[in-house]
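Order of appearance sets the numbers: ligands from 1, and atoms from 1 within every ligand. Starting from 1, each residue takes its place in the sequence as its number. Predicted model only: the values in this text are computed from it and were never measured.
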Amino acid sequence: MSLWYDETFEGHTRLGLRVESTLFSGKSAYQTVEVVDTVGFGRVLVIDGIFMTSEYDEFLYHEMLVHPAMTTAPSIERVLVIGGGDGGTVREVLRHPEVKQCVMIEIDELVVEASKAYLPGIGTAWEDPRLDLRFIDGIEYVKASADEKYDVILLDGTDPVGPGAVLFDESFYRGCKRMLVEDGVMALQSESPLLMMDVFVETQHKLRSLFSEVHPYLGPVPLYGTGTWSWTWCSATGEPLRPIRERQETIALASKAYNEDVHQAIFALPNYVRRALKL
Ligand code: SPD
């Protein structure tokens, strides 16, 4: 008998993965956390029934969230990651030798515990001495740390439901902007422009009210419904298509997806997205 795990979207569509076994299932104060072993996607982290990341395609998500920002920010010594409890985002950040400190703020310790135990191939940088992992609420951290300054801020949240919903609030983005150095870069996951067009567009508007440079970019992540995913690059100054070549070449050498051409290509927006954003 085969067992399938389905994620359903808006009550009209579902993505199903054939499951070999459930490796972990637990409930924290915030959410239900599971790790399932699937036939097609390897081990998959699931939060409140939503697929978060998989061994099979996590690189497509994490490399795209991290490297466009990390190769364009003038300085990358101090990096803040909010969310990202599976460890994939900080792993990519810490591949950059210029990083001196990476503060990671994760609300739910259970996500990190489960990921450390069952997804060790994703979180390979937990022991890096430059990582400062703190289990606190990202909203509270941003409110309380207005004087802290970061060169790069990366937001690796869940969908805008459950405890991660507040990571899509304009006031939260404003707080993040306050923590960026003047020429700093923020990048965030900004949902599917197909399945979640309303969230995608609203997010762009919120960001545009705060940053003069707001550039969404797209890439494939098969685990996420429709397979088309978006991230957004924001800054008060600067330009996403002018990466620092030497930094980029070093990172591209050992990346599975990210390289110089991909960096340029992902910022090309199809007409349906341009029109939705009135570009
Ligand atoms: N639909 C799921 C969106 C999840 C985005 N964040 C994933 C976290 C991976 N580090």
Using modelled atom types only, decide if a donor and an acceptor are shared between the side chain of Lys149 and the backbone of Arg178 within a distance under 3.5 Å. yes
Quick check on side-chain contact (heavy atoms from CB on, under 4.5 Å): which of Asp128, Leu131, Asp86, Ile122 does Arg91 satisfy it with? Ile122
Pairs of nitrogen or oxygen atoms closer than 3.5 Å, one from Asp156 and one from ligand 1: do any exist? yes
Test log, rule salt bridge (Lys or Arg N to Asp or Glu O under 4.0 Å), inputs Glu113 and Lys116: CA-CA 5 Å; Glu113 277 173 15; Lys116 279 186 177 172; over 6 Å; no
Using modelled atom types and a 3.5 Å cut-off, is there a donor and acceptor pairing between side-chain atoms of Gln248 and backbone atoms of Pro243? no
Does the gap between the ring centers of Tyr61 and Tyr224 come in under 6.0 Å? yes
Contact atoms of ligand 1, heavy-atom distance to Phe51 under 4.0 Å: 2 (C)
Indicate whether the side chain of Thr22 and that of Glu34 have a donor and an acceptor atom separated by less than 3.5 Å. no
What do you reckon, does Thr53 have a nitrogen or oxygen under 3.5 Å from a nitrogen or oxygen of ligand 1? no
Could you tell me whether the side chain of Thr53 and the main chain of Leu45 form a donor-acceptor pair under 3.5 Å? no
Who's the nearest protein heavy-atom neighbour of atom 3 (C) of ligand 1, and how far? Asp159 OD1, 3.3 Å
Can you find an N or O of Tyr61 that's nearer than 3.5 Å to an N or O of ligand 1? yes
Using a 4.0 Å cut-off to any heavy atom of Asp86, which atoms of ligand 1 qualify? 8 (C), 9 (C), 10 (N)
What atoms of ligand 1 come within less than 4.0 Å of a heavy atom belonging to Met52? 4 (C), 7 (C), 8 (C), 9 (C)
Apply salt bridge (Lys or Arg N to Asp or Glu O under 4.0 Å) to Glu170 and Lys206, showing your working. CA-CA 6 Å; Glu170 190 178 320; Lys206 289 175 192 168; over 6 Å; no
Hey, is ligand 1 close enough to Glu191 that some N/O pair sits below 3.5 Å? no
Can you report which non-hydrogen protein atom sits closest to atom 7 (C) of ligand 1, along with the distance? Tyr224 OH, 3.2 Å
Report yes or no: does a heavy atom of Glu58 sit under 4.0 Å from some atom of ligand 1? no
May I ask whether Gly87 has any heavy atom positioned less than 4.0 angstrom from an atom of ligand 1? no
Short list, please: which atoms of ligand 1 are under 4.0 Å from a heavy atom of His62? 9 (C), 10 (N)
Aromatic ring pairing Tyr56/Phe41, orientation class (parallel under 30°, perpendicular over 60°, tilted between): perpendicular
Nearest-contact summary for atom 5 (C) of ligand 1 - protein heavy atom, Å: Gly157 O, 3.2 Å
For the side chain to side chain donor-acceptor pair (under 3.5 Å) test, which of Glu92, Glu63, His263, His62 pairs with Tyr258? His263
For Trp229, the atoms of ligand 1 under 4.0 Å from one of its heavy atoms are 1 (N), 3 (C)
Under 4.0 Å, heavy-atom basis, I'd like to know which part of Gln189 is in contact with ligand 1: side chain, backbone, both or neither. side chain
